[in-house]
Structures are given as C-alpha cells and as structure tokens.
Amino acid sequence: MDKHYDAKAAEAKWYPFWENNGCFHDEPGSGEKYSVVIPPPNVTGILHMGHALNQTIQDILVRWRRMQGKNTLWLPGTDHAGIATQNVVEKALKKEGKRRQDLGREAFLDRVWEWKKQYGGTIVHQQRMLGNSTDWARERFTFDEGCSKAVIKVFKQLFDEGLIYKGNYIVNWCPRCGTALANDEVEHEPNHGHFWYVRYPVVDSDKGVNGQPYKDYVMVATTRPETLPGDTAVAVNPKDERYAHLLGKKVILPLTGRQIPVIADDYVDREFGTGIVKITPAHDPNDFLVGKRHALEEINIMNGDGTMNELAGQKYVGMDRFKCREAIVADLEAGGYLDHIEDLDNQVGHCYRCHEVVESRLSKQWFVKMEPLAKPAIEAVKSGEVKFVPERWSKIYFNWMENIQDWCISRQLWWGHRIPAYTLREDVGIGEAKVKGEEELVFVAESAEEALEQAKAKTGNASLTLADLEQDPDVLDTWFSSWLWPFSTLGWPEKTKDLEYYYPTSDLVTAQDIIFFWVARMMMAGIHFMGKPPFKNIVIHGIVRAADGSKMSKSKGNSLDPLELIDMYSADALRFSIALITSLDCDTKVNKEKFEIGRNFTTKIWNAARFLEMNTPAEGFGEISGELTADEKHILLATDKACKKLQSILENYRIQDGALAVYDFFWTQICDWYVEYAKDAPNKTRAFAILRDVFYKALRLLHPYMPFVTEEVAHQLGYLKDGQSIMRETYPLGYCEEEKAKWGLTEEIYDFVEKKREAITALRALRAEYKVTPATFVNVTIATDDVRASGEVDSLKKAMRAANVEFVSSGSDLPMPSKMTKFGTVYLSLEGLVDKAAESKRIATELQKLAGFIKSSEAKLANENFVAHAPEAVVAEARRKLEENKEKVAQLEKLAKLFA
RNA sequence: GGGCUAUUAGCUCAGUUGGUUAGAGCGCUUCCUUGACAUGGAAGAGGUCAGUGGUUCGAAUCCACUAUAGCCCACCA
C-alpha cells in the first residue's frame, strides 16, 4: 500500500465501477424492500451544503439497508423549477438583447429545453462526487413525459371531483417574474417605511363651506399611497364611537374627486393608525375580503409589470408603482390633503425567487381546495401510520394542516406544465349554446381532442374544431408536479411493478424548510391518488449554517462549497464530518476546519490498514486458534458490541451517534489499544489474524459513512477480489453465540480488560505527574486480589514501560504515590527526584476534593429514603465508592507525610 | 399576535425511559519523532448543566415561571 491515501484516485475509480456494475440498481424482488425518493434538487441548482447533508444522511441509510440484504432503491431526479429555470434562460436571452416575448412561447420553450440539455446535468454530476448510491437508471425529471402525464391526470381528476376551481382572487404577484405566487413563496422582511396621513374630505352638502360640498375631513393613514386611486371605501370599526357619526356618509377620494362610502367592518383595528382605513379591494388581501363583504367595486389600477394603468388616472399611466408613490404623495401635498408623515417599521413581502417587492393583485387563478385533502393526511400522522423523526415536527405539521388554505396553483409562466383547461375562442361565439349561470365554459381534459368532444357535447355544436379551442395560457406551480414525486416516478398512472413493489416508500429525508411546500402536499397526494401515504417515516434534519449561525448565502460570502471540500479533504471526509457534527434535532454550524475530522480519520484508517498489511504473512493467516489472551478476547467483544450498537443506532436514525460510535471503535478500541497490544503480543500471528477479522467488520460498519476509502482498503487488503464490492457485502451483526463460546468471549473478560486499562492509564498519569521520562523503566506494584492479574504481567510491563510489575494483596499499604483503580491500587516506585513542596501542595488539594465527595456520599447513605428507594446496585455502588474514597484519603495522608 | 425550539467546558455539540464524581471533537498546557500514522501518541487543565421555584430519597434530565437567542406561521392598514 502507498504511504499516502489518494482519495481522488479512489473516488475516480470506484464511483464509475459501482455505477457500471449495477451496484446502485435494484429491481422489484420478493424480499423486504427499502425505498427512498430523493428530494429533487432544482435543475438549475448547484450542489450546496444543504444537499451534502441531506444526501449524506440518505446515502448512509440506503447503503446500510442495502448491506442488510434488502431490495434497496434510491431514486434520483431533478425538479424543473418553473420560475428559477425560466429566470435563468431569460437572463441569458437578455444578454442577447431579447425578451421571451420576442421569441414567442414555442421557441422560448425550445430554448429552455436546450438549456436543460446543456446545463441541467450539473447537479446530477455533482451528486456523483458525493458518492450517492442512487439508481441512475431510474433518474426522473418533474417535467419528463411520465411525470407530465401524471400531472395532467391529477388536474383532471381533482377538477372532476370539484377540488379544483377557478376564481377571481387577490393573489401575491411578482411584477418582475410576472406571475402569481403562492402564499408561502412570499418572504416577509422587515422594512423601514412610512405612514402617510391623508385627509379625505367628508361629503356633507348641507353643511358645506366656502362653496365646497364638505367642511371636514377624515384622517386615513396608509403605507401605500400609490394604491389610493383604487380605493372604493374607507372603513371604521363598528364599535368605534369616535366615527359612528360618519357611517352612511361619503368621502371624497383625493386627486380623483370620486365619492366613496364610509363603511363599518370588524377588520379595522381601533387602536392602529387613525382607526380609519382606506379600502382598496383590488390591491390588498384584507381589503379584498372587506370588499366582498360590502359588495364594493374592485378597481385594478396596476399592470402586471408593476406600472400603473389608466384606471389610476391619466397622469400616472405607465408610471412605475414606486415612482407613482412619489408622484401621488407630491400631489397630495400640493392639494393640501397630506397631513403628515410618520416612520413606520412593517413587513414587506418579497418574491422568494427574485426578491422583488410583491404586490397584491386581483386576477383569475386556479385553486385547489385543500381541506378535504388535508384531513386524511392529518389522520395518517395522528394514527402513527406515518412518523416524523424527530417526532416534534408532527406538531408543526398539524399546526399548518389544521389551518390550511386553498392553494393557488396557476402561474403566469411559460416553463411548466400547461394547465389542461380549454375555452372556446371568443370569435367562435358560443351564442345560444352558452349554458345558464356559467360565466365561462371551461373544458378540463387530458388532451385537446378530449376537450373538443366535451365542447361539442356541451354546446351542441358538432362542427367545432381544435382550432376553435384555446388552452389556458398559464402553467402549474412547480410543486404541483413535486407533490406526486413518490408515485409519478414509479410509473403512475400506469400500474407498474415498480409502483406495486416500491410504493409506499420507506423513508423521506428532507430539511425542515420544505415541510409545508412539499412534505405535507406529498402526504395529501399520496393518500388521495394512491390510497396510501407515500412514506412510512419522515426524517427531518436541520439546516447547515455558517459558523456564526447565519444562513449561508453566496452574497454574504459565508458559504462553503461541498465540491471544494471534496477537493480539499475528500468526499469521505465531507460525508463523515457532516454526519458526525450534525444532530437531527437542530441546525448545524460549520466551518472549514470541522471537515479535518473526516480527513484525519481517513488517514488513520489508511495507516492502520498499512500496518495490518505489513504484518500479514505472505501465505495469509490461518484459523484463529489456541487460548486467546484477555486483550484478544476484548477486541472481539468490542467489535461485537460496536456491530450491535450501530444496528440499533441506525434503526433509530441516529446518524450522528453512529458516526461517533464507529469513530470511537476504530480509533480508540482498534488503533489506540488493540494495535498497540498486537505489536508486542505473545502470539503475534494470532493477534494480527484477529485484527484482520475485526478490521473487515470495522470497514463494513464504516462503509455507509465512508464508501470510497472502505472500498479501496477492502481491496488493498484482499478482503475482496476484483469485480466485487464492499457495497454488496453484508453489514456485520457481530459474533454468533458459537464463536463466542469457541473463543471464550464473556462479559467478565471484557470488564477485566477495561479495568486493566484503567490501571495502565493510572500508571501513565503517575509517570506524567512525577515527570518520569518515557525512557525510564519504572517499578510498579499493584495491590489486587484478582487472580487473573498475574497473567497480565507481560502486557502490563509493556504498556506501563515498567522494568517490573509486582502484585501484593489488596489490603497492602505502601508508602508510594498511587492511584486507585477498579483493577487495584497502582503504586509507582519513585527512584528519581521529586519536588516535595509541589507534591505536598497537590496532595492537599486532592484531599480537599475527596473530603467533599466523602461528605456528600455519607450524607446520601445516611438518608434512609435513599437506602430504601434507590435500586440496590446504586446503593452498593455508593457504598463502594465511599470506601474507595476513604482509602484514597488514607493513602494520600500517608504520602503527604512522605513529602512533608 | 399564534406556534415550535434552544440555553451543558474557550468554541461546536452529545448526554436514550430521572440513578456512580456530567462526556466527545476542536482549541489550550506539558511531554514524546529510527515506531502504521505529528492529518500522530501519552497525560492534563477547564463546567455551581441560563435563572428561580416545585415534584422526588435523588434533577442537566420531569413540571411551572423568568431571562436570552433562534425558527416557523399569521399579520398592522
């Protein structure tokens, strides 16, 4: 083996090997299955730390289950990401000086597909760098043919069930993207704004003054004066006596001269502002609802691009909304309507994609009725059929689901699944065929032909042709395809073998930030269309944050690039480190240095492997035979324990604990203790034969965390032949009862060796305390009655660097520095010089500390309740401890005299 | 305003149903390179577990309140 591990070479070698040899692939079988669908990253995306965490967790689970022998499928794919992708292509077009409108819909979509072909594979390649064992043969795209078919079918079914409707609604509108946004696509951010106090004259023709039909004003405060031309009322709280006299009167809308009513509505907060609100139904969601209640006119004064239209008044037409705000404020001031301006901190919504300030806008949109879908999805979690890991996320889920609102699914984009709804062209003239009470004839169908048949039937006009139909120009929200991901990717609506075998999937692993966007909606879709929730467990992990706890973002320059970390430290290092430092329960703060843990561990594994190789005879090892030493038994037991521990840890998704356990097992148990023992073992060949066995178990335990180095080492050490892969080896379960009996592996032996190590550590500490150089061989005496101790003289001498190790009975009391251990009291014979004063002082401190312990244990044991209620073992332990401490005190006091 | 979570060593975090003198990694201190590995080894210092009160024989752990921080949802015109 080379002196240094070449991670890059191993990664370049093994990933293609796995992929080309079908190591990631799975087909429906007859046994137990484990299936996971990846949260599809945006096709425009590049790999970030969030993906690295998310996918490392999944790959650990997937590789582990696969090694358990389950039929394991991890299905990869990407999301077409409507707005994001369209934006990217539009940006590219802009460089050519073109807009998408210049190309037209068809040509623009061709451009997007072209872009996807060229650049859409980026993240998919990057995922390979991580070592993801996804079944690439099954890679899917939310906008591929199969997924699109599923989307259309779902739309039609929901429409037929009355769960999809079209409505004139106030929606969040991004003027830059030119599309509606769902509520959760709007990010509210604090804003330092202003509160403009505006006087609206009260119409009071009887009492007019100076020839004007009014004599006083009402004071209205607004943060968005540009919407003023769209006002159709002012409202006060019905219980507000201050303004009771105004009810039923009208006020004059400044700058327009329009008269609008004063109405009463509970929505108005008496305490806020002036207690009088201008109502602009077309430009504010609350005002919209007020308008509905009072049958107010809805005046839309803004264009889709955020400029004002003619309804805003001639003067403002074509003006940008913020320019218009300034203009209107100036005009109000000039007209004497502006009373004063106050600073106001409020929240303003921004587009989650482009960060533009979002407008509320009245428009025709498609909606899904969510409540009927949510109910069974709530039940599935309440009943325990689907579990959140950690469990607490179910509370968040319930909170959202129980207050669910209808989902606006139409987007005014071109890139996405076009809404399968058709209307008759205006010039066709529905004429007498127009069905009573319907504003608009809409035909929802899986194809234009089907829609045509519907149109013919409904209108009775058999001569209609496809040319008479117009498809809704809007596309569907990207999540409308993502929510079908767990079954659309398995072939739905066809009844495929894959669907039957792999659905429902086993685990879904995702970050907390898309529980609503995605997880909850998948639950609803899975139950509604498949009759079963789409997964058994929802594993939620935190978000990767920068070292200071802030969110990573490119603009802040505080983000880490996983690819850079892979380049610097290796993929295994990235994976292991992130697994080790991430707890499922909270967000993870990372900095570059943390990834050294994984890099160092990789080096340690490599070097240990090299050492094993050096000590492997050319002819190999035979059977492990003869009476094993205590240390040999110990490592076998430690291995057994590690295997069992990993098993239960991974069953419970405790990825971090698993990393810690395997790290400790490998580093502490194997390298620090057992390898040190093996170097000087009485039967070196056997000691290394055991190491060889243990080492391979360790490699397999590690494999899900560090796939590359474990594969490389397994081959280097000859555990596997060419063409084989550790991926397909079994995950070790530990040693069977037969082996344990054969080798004499008992808990007593394990504990005995643990105690022996305690004695060794104690002696080393004594050496350090008394500044005994490593080159000095010391004389050690151990006071113990353990009959097994004498068998350990040689190993103790080596570990303690002792010229002699003697045993005396446990009652003995020697005038030498000592430490108490469970093995016995360890005495170090001091032949060299010792700083008596310093030693005396140290002893005094130690005595003080012990006195405290003794006091508290005596108090505890004197407590009748403790003795009566605590388990026997606990009481016995307390007694033992007390005795031990008392003994220590006696020792120290003796020693103190020695140094006095 | 509604909900959720956190607060343990200088830093980042473990601590599984309450039970020995609360742990790990990094950092720090001392010592150690012909040794598989200095990306290493040995030893060590460092914590009244945010605060107050309660339950209990016993609390980092359970309960209540307070403080601080963070997240999510809804929002003030």
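Computation of the quantities below employed the complete heavy-atom set of this structure, encompassing side-chain atoms and omitting hydrogens, waters and symmetry-equivalent molecules. Here the structure is a predicted model, which means the values were calculated and not measured.
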A.B. asks: Which part of the nucleic acid does A/T280 contact within heavy-atom distance under 4.0 Å: base, sugar-phosphate only, or nothing?
C.D. replies: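 Nothing, no nucleic acid heavy atom in range.
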
A.B. asks: Between C1' on B/U17 and CG on A/N652, what's the gap in Å once rounded to a whole number?
C.D. replies: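 Computing the A/N652:CG to B/U17:C1' distance gives 13 Å.
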
A.B. asks: Out of B/A14, B/A77, B/C75, which has the shortest distance to the side chain of A/N286?
C.D. replies: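 Of the candidates, B/C75 comes closest.
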
A.B. asks: Can you tell me the distance, in whole Å, between the CD1 atom of A/I760 and the C1' atom of B/G41?
C.D. replies: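 Between C1' of B/G41 and CD1 of A/I760: 15 Å.
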
A.B. asks: Can you tell me how far C1' of B/C76 sits from CZ of A/R224, to the nearest Å?
C.D. replies: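 A/R224 atom CZ is separated from B/C76 atom C1' by 13 Å.
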
A.B. asks: With rounding to whole Å, what would you report as the distance between B/U16 and B/A60 at their P atoms?
C.D. replies: 12 Å

A.B. asks: Distance between the C1' atoms of B/G23 and B/G46, in whole angstroms?
C.D. replies: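 Looking at atom C1' only, B/G23 and B/G46 are 13 Å apart.
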
A.B. asks: B/G15 phosphate, OP1 or OP2: any side-chain N/O from A/R654 under 4.0 angstrom?
C.D. replies: yes

A.B. asks: Output the single nucleotide from B/A77, B/G41, B/U5 whose closest atom is nearest the side chain of A/V268.
C.D. replies: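 Nucleotide nearest to A/V268's side chain: B/A77.
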
A.B. asks: Do you know which of A/Y397, A/F398, A/W400, A/W393 makes ring-ring contact (aromatic ring centres under 6.0 Å, His included) with A/F516?
C.D. replies: A/W400

A.B. asks: If you measure from the C1' atom in B/C75 to the same atom in B/G3, how many Å do you get, rounded?
C.D. replies: 14 Å

A.B. asks: Classify A/G275 by what it touches in the nucleic acid, base, sugar-phosphate, or nothing, heavy-atom distance under 4.0 Å.
C.D. replies: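 The residue A/G275 makes base contact.
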
A.B. asks: Answer with base, sugar-phosphate or nothing: what part of the nucleic acid does A/R392 contact at a heavy-atom distance below 4.0 Å?
C.D. replies: sugar-phosphate

A.B. asks: Provide, to the nearest angstrom, the distance between the OH atom belonging to A/Y197 and the C1' atom belonging to B/A77.
C.D. replies: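 Taking OH of A/Y197 and C1' of B/A77, I get 10 Å after rounding.
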
A.B. asks: Hunt down the Watson-Crick or G-U wobble partner of B/U34, both distances under 3.5 Å, from any strand shown, or write none.
C.D. replies: none

A.B. asks: Tell me if the aromatic rings of A/Y674 and A/F666 count as close, with their centers under 6.0 Å from one another.
C.D. replies: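 Ring centres of A/F666 and A/Y674 not closer than 6.0 Å.
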
A.B. asks: Please state whether the rings of A/F601 and A/F576 are parallel, tilted or perpendicular, taking 30° and 60° as the class boundaries.
C.D. replies: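 A/F601 vs A/F576 ring planes: tilted.
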
A.B. asks: Checking understanding here: a glycosidic angle within 90° of 0 is syn, the rest anti, so what is B/U33?
C.D. replies: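 Syn.
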
A.B. asks: Using whole Å, what does the distance between atom P of nucleotide B/C13 and atom CG of A/N591 come to?
C.D. replies: 11 Å

A.B. asks: Between A/K395 and A/T773, name the one whose nearest nucleotide on RNA chain B is closer to the 5' end.
C.D. replies: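 This one resolves to A/K395.
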
A.B. asks: Taking atom C1' of B/C76 as reference, at what distance in whole Å does atom CG of A/D287 sit?
C.D. replies: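 Whole-Å distance recorded here is 12 Å.
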
A.B. asks: For B/C28, what is the paired nucleotide under Watson-Crick or G-U wobble rules, both distances under 3.5 Å?
C.D. replies: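 Paired with B/C28, as far as the under-3.5 Å criterion goes, is B/G44.
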
A.B. asks: Ignoring backbone atoms, establish whether A/W667 has a side-chain N or O less than 4.0 Å from OP1 or OP2 of B/G41.
C.D. replies: yes

A.B. asks: Nearest-Å distance, CD1 (A/I515) to P (B/C72)?
C.D. replies: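 These atoms are roughly 12 Å apart.
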
A.B. asks: Rounding to the closest angstrom, what is the interatomic distance between B/G18 and B/U56 at atom P?
C.D. replies: 16 Å

A.B. asks: Can you tell which of B/A36, B/A43, B/G41 lies closest to the side chain of A/D672?
C.D. replies: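 It is B/G41.
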
A.B. asks: Just to be sure I understand the rule, does A/V675 reach a base, reach only the sugar-phosphate, or reach nothing, if contact means heavy atoms closer than 4.0 Å?
C.D. replies: base

A.B. asks: Can you spot which of A/E359, A/H283, A/H194 makes a side chain to side chain donor-acceptor pair (under 3.5 Å) with A/R224?
C.D. replies: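 Of all the options given, the one that passes is A/E359.
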
A.B. asks: Looking at the side chain of A/Q512, which of B/U5, B/C71, B/C13 is the nearest nucleotide?
C.D. replies: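 Nearest nucleotide to the side chain: B/C71.
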
A.B. asks: Nearest heavy atom decides the nucleotide; on that basis, is A/W673 or A/T588 closer to the 5' end of RNA chain B?
C.D. replies: A/T588

A.B. asks: Using the 3.5 Å cut-off, write out each protein N or O paired with an N or O of nucleotides 23-29 of chain B and the distance between them.
C.D. replies:
none

A.B. asks: Could you please name the partner base of B/C75, counting Watson-Crick and G-U wobble pairs only when both distances are under 3.5 Å?
C.D. replies: none

A.B. asks: Aromatic rings A/Y197 and A/F195: how do their planes relate, parallel, tilted or perpendicular, breaks at 30° and 60°?
C.D. replies: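 Ring orientation of A/Y197 relative to A/F195: perpendicular.
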
A.B. asks: Please classify the nucleic acid contact of A/A608 as base, sugar-phosphate, or nothing, using heavy-atom distances under 4.0 Å.
C.D. replies: base

A.B. asks: Is there a Watson-Crick or G-U wobble partner for B/U17 with both distances under 3.5 Å, and if so, which one is it?
C.D. replies: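 Result: none.
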
A.B. asks: Please give me the minimum heavy-atom distance between A/A659 and A/Y705, naming the atom from each residue.
C.D. replies: N-OH, 3.2 Å

A.B. asks: If I pick the P atom on B/C65 and the same atom on B/A24, what distance separates them, to the nearest angstrom?
C.D. replies: 36 Å

A.B. asks: So, do A/Y5 and A/W606 have ring centers that fall under 6.0 Å from each other?
C.D. replies: yes

A.B. asks: Which listed nucleotide (B/C4, B/A36, B/C13) is nearest to the side chain of A/I396?
C.D. replies: B/C4

A.B. asks: Mind checking A/R599 for me? I need base, sugar-phosphate or nothing, with any heavy atom below 4.0 Å counting as a touch.
C.D. replies: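 Here A/R599 touches the bases of the nucleic acid.
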
A.B. asks: When the P atoms of B/G10 and B/A43 are compared, how many Å lie between them, rounded to an integer?
C.D. replies: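 Comparing P positions in B/A43 and B/G10 gives a spacing of 23 Å.
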
A.B. asks: Measure from the side chain of A/N607, starting at C-beta and using heavy atoms only, and say which of B/G15, B/A43, B/C37 lies closest.
C.D. replies: B/C37

A.B. asks: Verify whether one side chain among A/T761 and A/K819 offers a donor that lies under 3.5 Å from an acceptor in the other.
C.D. replies: no

A.B. asks: Is the phosphate of B/A77 approached by A/T274 (side-chain N or O, under 4.0 Å from OP1 or OP2)?
C.D. replies: no

A.B. asks: Take the protein atom CD of A/E402 and the nucleotide atom P of B/C73, then report the distance between them rounded to whole Å.
C.D. replies: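 Value for this atom pair: 17 Å.
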
A.B. asks: Hey, are A/T668 and A/D664 close enough side-chain-wise for a donor-acceptor pair under 3.5 Å?
C.D. replies: yes

A.B. asks: Within the structure shown, what part of the strands sits under 4.0 Å from A/R545 by heavy-atom distance: base, sugar-phosphate, or nothing?
C.D. replies: sugar-phosphate

A.B. asks: Across all strands, who's sitting opposite B/A22 as a Watson-Crick or G-U wobble pair, both distances under 3.5 Å?
C.D. replies: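 Pairing partner, where one exists within any strand: none, as none qualifies.
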
A.B. asks: Does A/F688 have its ring centroid less than 6.0 Å away from the ring centroid of A/F611?
C.D. replies: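 Close enough - the centres of the two rings lie under 6.0 Å apart.
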
A.B. asks: Taking the minimum atom-to-atom distance to the side chain of A/E676, which one of B/U5, B/A36, B/U39 wins?
C.D. replies: B/A36

A.B. asks: What distance, rounded to whole Å, do you find between the two C1' atoms, one in B/A9 and one in B/U5?
C.D. replies: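 The answer is 23 Å between these two C1' atoms.
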
A.B. asks: Quick check: do A/K387 and A/E391 have side-chain heavy atoms less than 4.5 Å from each other?
C.D. replies: no

A.B. asks: Paired with B/A6: which nucleotide, if any, by Watson-Crick or G-U wobble criteria at under 3.5 Å for both distances?
C.D. replies: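 Paired with B/A6, as far as the under-3.5 Å criterion goes, is B/U68.
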
A.B. asks: Considering only atom C1', compute the distance from B/C37 to B/C32 and round it to an integer number of Å.
C.D. replies: 14 Å

